[in-house]
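So the structure is just underneath, and the comments pick up after that.
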Amino acid sequence: MGLTLTEKILRAHLVDGEPVKGQEIGIRIDQTLTQDATGTMAYLEFEAMGVPRVRTERSVAYIDHNTLQNGFENADDHRFIGSVAKKHGIWFSRPGNGICHQVHLERFGIPGKTLIGSDSHTPTGGGIGMIAIGAGGLDVAVAMGGGAYYITYPKVVKVHLTGKLSPWVSAKDVILEVLKRLSVKGGVGKVIEYVGEGVKTLSVPERATITNMGAELGATTSIFPSDEITKQFLEAQGRGEVWTEQKADDDAVYDEEVDIDLSTLVPLAACPHSPDNVKSVAEIGKLKIDQVCIGSCTNSSLLDMMKVAHILKGKTVHPDVSLAIAPGSKQVLNMMADMGLLSVMIDAGARILESACGPCIGMGQSPNSGGISLRTFNRNFLGRSGTKDGQIYLVSPELAAVSAVTGYLADPREIGDMPAFELPEKFKINDNMITPPASEEDAADVQILRGPNIKPYPDTAPLEETITAPVSLKVEDNITTDHIMPAGAKILPLRSNIPAISQHCFTVCDENFPLRAKKLGKSIIVGGSNYGQGSSREHAALAPLYLGIKAVLVKSFARIHRANLINAGILPLTFVNESDYDEISQGDVLQLADVRDKVAAGEQQLTVLNRTTGKEIPVLCELTGRTKDIILAGGLLDYTRENLK
Ligand code: MIC
Ligand code: SF4
């Protein structure tokens, strides 16, 4: 029986467990990446593990999220990360060099390798045939120390592409179509593998748009084969020597199949406030818009910028619209300047932003009150743009650019013929903003630069004998990490200060939550399905840990967030009967008697006693050998320290 590409790469990296679907496996990690919003914590954790030098083939620290520097905090974090990188063998991509995923694809990614990153959009690397997975910072720290990374051996979904995209229909429309069909929960426990004749019609940047936004499916990752097109891309990046062919066996067996004829796709948009709330432009109708933002790790490649410039050439941005453009990397921005694209955009009235995440993470460019904003980004969760009433639509760069000119959500196909946009044979290569680490001999002399905003990891404690605690918060389905631990210009500078950032935990849902939880001392959160979808930010687990959360009881979890809870030593529980969700109210006191002994004995079904109503509720506590030991120890840091002894 033939293997999928996913299974081939996973098996080649297997260091623990059996390749059996649904079971936990440990894989060797070849490369890691961090960004600054999760990186400070990841490097504090790495330091706490006491490993002098990274044991990966390549680890890179990027600065791309917190670049507003509205106060000393961000700049201090940059200096801290830069100094840790230098000392411990990590390459450092300086602020201004671009968004981690875009730069990693251009300069470091290698087909057939494994990559984990402390950012949920790490699957961008799947665009060149890597198994690239988003993870919590602590998991990345462990991988940097040479430890395995643990995932559930996934099911593999075959997305069979045929045909060719029509002019002005875009890779973004492909992933929006997949999201429409599978939903934000559809990828949980699965890898999405793209195959078929249609693959050959897509360039690497287009493939990367698709794998990047596969994160919104909740998928473990997404992957394309590495073929001649990948080879050309890597050669154009001056890295042809790292290319290898990577593909599934012809008789590979998949768990599910989705067929997409690219030629039938039309321009789409994800409507507020979920990436799977997808409608065609025709269905949405004539929508007057206030803002357009082009960029983010999903759509900021040179190819995207070439299309946008072509559309804007000789035009003026509509008087009622603000257009912001953030190119994905210094390479892209540099080439835009050389090719004259930048001048076209400036002429049209675009507001050019630095190569960074920017508005995608609410770092500036929030829309006006109730404003309608078209963005080429990957997430439109409530409040993420920095305002509570912003109406964010996720669209392709083509659609965004045309609409910026017309002032309405417009169908890009109306502009007629499309020229053939060819990627250059050689990209402009200048890695002067990537600082190599110090040599092993010089590393001892490198001083770590710590600012006053950098506070240590919160206190942890081994799992208690019995948990008796009130419910401090009850929330609905599809709670995102942007609800749990919001980002934005005000809060992001606190990413290395858990006591301070905790004051913002869940405030999108309930402003009084942080104070209430802290006062209660210890408590439990109850939630619905797909709890914790979205970002990889471990702060969404560390802030609750700091606020005394002992367990989270929900209908179902998103993958990375569940792992982050376990890493933080917070017990993840799911209802056996989802209807029991209604049996618990905020304020009820819940008890898990003898929970430590039961978890230690490997019992997977536990009973929660609602002491307020007297009702007994069966819950699942699905911890395997390793995750069980992590929870008993009080989290992955304690577990790793114990195991490193
Ligand atoms: C995001 O897109 O939500 C982020 C900001 O890149 C996060 C990481 C973070 O919260 O720092 C992600 O996707 O993991
Ligand atoms: Fe940055 Fe946005 Fe990409 Fe997250 S999704 S890495 S915030 S550009």
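Residue indices begin at 1 and follow the sequence shown. We count ligands from 1, going down the list as the structure has it; atoms in each ligand are counted the same way. Atom set for the values below is all heavy atoms of this structure, side chains included, hydrogens, waters and symmetry mates excluded.
- Note on ring orientation: taking the six-membered ring where Trp is involved, the planes of Phe506 and Tyr531 are tilted (angle from 30° to 60°).
- With respect to atom 8 (C) of ligand 1, the closest heavy atom belonging to the protein is Gln35 NE2, 3.1 Å.
- Arg537 has a carboxylate O that lies under 4.0 Å from a charged side-chain N of Asp482, or vice versa, which qualifies the two as a salt bridge.
- Ligand 1 has at least one atom lying under 4.0 Å from a heavy atom of Arg495.
- Listed by number with element, the atoms of ligand 1 under 4.0 Å from a non-hydrogen atom of His65 are 4 (C), 5 (C), 6 (O).
- Below 30°, between 30° and 60°, or above 60°: for Phe108 and Trp91 the angle between ring planes is between 30° and 60°, a tilted geometry.
- Within the 2.8 Å limit, His121 places no N, O or S atom next to atom 2 (Fe) of ligand 2.
- When Gln102, His65, Arg379 are ranked by how near their heavy atoms come to atom 7 (S) of ligand 2, first place goes to His65.
- Every atom of ligand 1 is numbered from 1 in the order shown, and the set under 4.0 Å from a heavy atom of Ser535 is 3 (O), 7 (C), 8 (C), 9 (C), 10 (O), 12 (C), 13 (O), 14 (O).
- A donor and an acceptor atom, one from each side chain of Asn378 and Thr298, are located under 3.5 Å apart.
- Every atom of ligand 1 is numbered from 1 in the order shown, and the set under 4.0 Å from a heavy atom of Ala37 is 11 (O).
- Below 4.0 Å from some heavy atom of Ile361 lie the following atoms of ligand 1, by number and element: 5 (C).
- Here the protein heavy atom with the shortest distance to atom 1 (Fe) of ligand 2 is Cys357 SG, 2.3 Å.
- A salt bridge links Asp431 and Arg107; the closest N-O separation between the charged side-chain nitrogens and carboxylate oxygens is under 4.0 Å.
- Protein heavy atom closest to atom 2 (Fe) of ligand 2, with residue, atom name and distance, is Cys360 SG, 2.3 Å.
- Of the N and O atoms on the side chains of Asp30 and His13, at least one donor lies less than 3.5 Å from an acceptor on the other residue.
- Protein heavy atom at the shortest distance from atom 6 (O) of ligand 1 is Asp119 OD2, 2.6 Å.
- In the vicinity of Ser536, heavy-atom distances shorter than 4.0 Å reach the ligand 1 atoms 12 (C), 14 (O).
- Other residues, nucleotides and ligands contribute at most 12 non-hydrogen atoms within 6.0 Å of the CD atom of Glu511.
- In the vicinity of Arg537, heavy-atom distances shorter than 4.0 Å reach the ligand 1 atoms 1 (C), 3 (O), 5 (C), 9 (C), 10 (O).
- Taking distance alone, with nitrogen or oxygen atoms compared against 3.5 Å, Arg384 approaches ligand 1 more closely than that limit.
- Taking all heavy atoms of Met485, Arg379, His101 into account, the minimum distance to atom 1 (C) of ligand 1 is reached by Arg379.
- At most 12 heavy atoms of other shown residues, nucleotides or ligands fall within 6.0 angstrom of atom CG in Asn70.
- Counting only heavy atoms of the protein, atom 8 (S) of ligand 2 lies nearest to Cys297 N, 3.3 Å.
- Protein heavy atom in closest approach to atom 13 (O) of ligand 1: Ser120 OG, 2.5 Å.
- Tested against Arg379 for a side-chain hydrogen bond (donor to acceptor under 3.5 Å, both in side chains), the candidates Ser274, Ser296, Ser120 yield a single pass: Ser120.
- Of the N and O atoms on the side chains of Ser529 and Ser556, not one donor lies less than 3.5 Å from an acceptor on the other residue.
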